[in-house]
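All remarks here apply to the structure that follows.
Counting starts at 1 for both ligands and their atoms, following the listed order.
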Amino acid sequence: MLYWPQDVQDVDAVMAHHEPLLTAEIKDRRLEVVVADITTLDVDAIVNAANSSLLGGGGVDGAIHRAAGPELLAECRKLNGCPTGEAKITKGYRLKARYVIHTVGPVWSAGQADRHQELLASCYRNSLMLADEHRLASTAFPAISTGVYRFPMDLAARIAVATVRSHVTAQETGLERIVFCCFNRESAVHYQDAFAELRLG
Ligand code: AR6
């Protein structure tokens, strides 16, 4: 199902209510594209686009730490960081989400495109595996690496959607709802293209 707002007022309404712009079903699992601030989403876990220190930063990482409160940083300090492509889980503290899954995307460089695409896919795979290990039913991903880490948004959206689709198709996942959370409508267009290319929706 595709619902595409026609004017700015509609976009505001969609953001306020977190109505998905786009949904697809695979094996009774629901994939959604939402335009929202990820810290406001009511899901079991939100994924954080962190850096390898796991000690906070700007962008979505900063927003998650601000919304979760200082207890999140205190728990992150005990994790001894996280290598690129891997993921670690903490509680969500003051967030609606019960958990935060922290993953570290690659810093894009065109000279290492293949390696960086594989590392970005690993972020999604490892985050989904952690969600399953904790028997979570819903999770939301930001567009990992597409901010200060400069990963091209079109490519990142395709990797995100293809990796989630593979997980849902190949694994006995307990996840019933997986949200691709975009910060603006421009990035949502790339998820729309990725859904269309993979014949989802
Ligand atoms: N909700 C949803 N998406 C968001 C939000 C939000 N509140 N804020 C930003 N985005 P970035 P990266 C989108 O830079 O590229 C941090 O300093 C944003 O529009 O947050 O993986 C970390 O500590 C973009 O599409 O993460 C690392 O050092 C996407 O989230 C570094 O940045 C990712 O942008 C990680 O860089």
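- Checking side-chain atoms of S187 against main-chain N and O of N184 turns up a donor-acceptor pair under 3.5 Å.
- The protein heavy atom nearest to atom 6 (C) of ligand 1 is F183 CE1, 3.3 Å.
- Protein heavy atom closest to atom 14 (O) of ligand 1, with residue, atom name and distance, is V148 N, 3.0 Å.
- Of the listed residues (A156, A49, A143), the one carrying the non-hydrogen atom nearest atom 33 (C) of ligand 1 is A143.
- Checked by distance only, ligand 1 and N184 stay at 3.5 Å or farther apart across all their nitrogen or oxygen atoms.
- Nearest protein neighbour of atom 1 (N) of ligand 1, counting heavy atoms only, is I38 N, 3.0 Å.
- Judged by distance alone, the side chain of E75 and the main-chain N or O of K91 form a donor-acceptor pair under 3.5 Å.
- R98 has a carboxylate O that lies under 4.0 Å from a charged side-chain N of D44, or vice versa, which qualifies the two as a salt bridge.
- Annotation: C182 places no N or O atom under 3.5 Å from an N or O atom of ligand 1; distance criterion only.
- Nearest protein neighbour of atom 25 (O) of ligand 1, counting heavy atoms only, is T146 OG1, 2.7 Å.
- Note that the CD1 atom of I178 and the CZ atom of R165 stand 13.0 Å from one another [nearest 0.5 Å].
- For K88 (side chain) and C82 (main-chain N/O), no donor-acceptor pair under 3.5 Å exists by modelled atom type.
- Side-chain polar atoms of D37 and T40 form no donor-acceptor pair below 3.5 angstrom.
- Proximity of a side-chain donor or acceptor of H102 to a complementary backbone N or O of L54 within less than 3.5 Å is not detected.
- At a heavy-atom distance under 4.0 Å, only backbone atoms of A36 (N, CA, C or O) approach ligand 1.
- For residues 130-160, the pairs satisfying ring pair (Phe, Tyr, Trp, His ring centres under 6.0 Å) are Y99-H134, W108-F151, Y124-F141, with sequence neighbours left out.
- The closest heavy-atom contact to atom 34 (O) of ligand 1, among the options C181, G147, S187, comes from G147.
- A distance-only check finds a donor-acceptor pair linking the side chain of T103 to the backbone of E86 [under 3.5 Å].
- Heavy-atom proximity to G57, at under 4.0 Å, picks out these atoms of ligand 1: 17 (O), 23 (O).
- With hydrogens left out, the protein atom closest to atom 21 (O) of ligand 1 is S145 N, 2.8 Å, a heavy atom.
- For R125 and E118, the salt-bridge test passes: some basic side-chain N is under 4.0 Å from an acidic carboxylate O.
- A donor-acceptor contact shorter than 3.5 Å links the side chain of R158 to the backbone of D154.
- If you check which protein heavy atom lies closest to atom 20 (O) of ligand 1, you get V60 N, 2.8 Å.
- Here's the thing with R150: none of its N/O atoms is less than 3.5 angstrom from an N/O atom of ligand 1.
- Residue D61 has at least one nitrogen or oxygen atom sitting less than 3.5 Å from a nitrogen or oxygen atom of ligand 1, judged on distance alone.
- Residue-to-ligand polar distances keep G59 apart from ligand 1: every N/O pair is separated by 3.5 Å or more.
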Ignoring hydrogens and angles, write down the donor-acceptor pairs under 3.5 Å from the side chains of residues 56-73, residues two or more places apart or on other chains.
residue, atom, partner, partner atom, Å
D61, OD1, N48, ND2, 2.8
D61, OD2, G57, N, 3.4

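- Short contacts between ligand 1 and D37, defined as distances under 4.0 Å to a heavy atom of the residue, involve ligand atoms 1 (N), 6 (C), 7 (N).
- Assignment of G105 to the shell around ligand 1 is not supported, since no heavy atom sits closer than 4.0 Å.
- Heavy-atom proximity to G58, at under 4.0 Å, picks out these atoms of ligand 1: 16 (C), 17 (O).
- Residue A63 has no nitrogen or oxygen atom sitting less than 3.5 Å from a nitrogen or oxygen atom of ligand 1, judged on distance alone.
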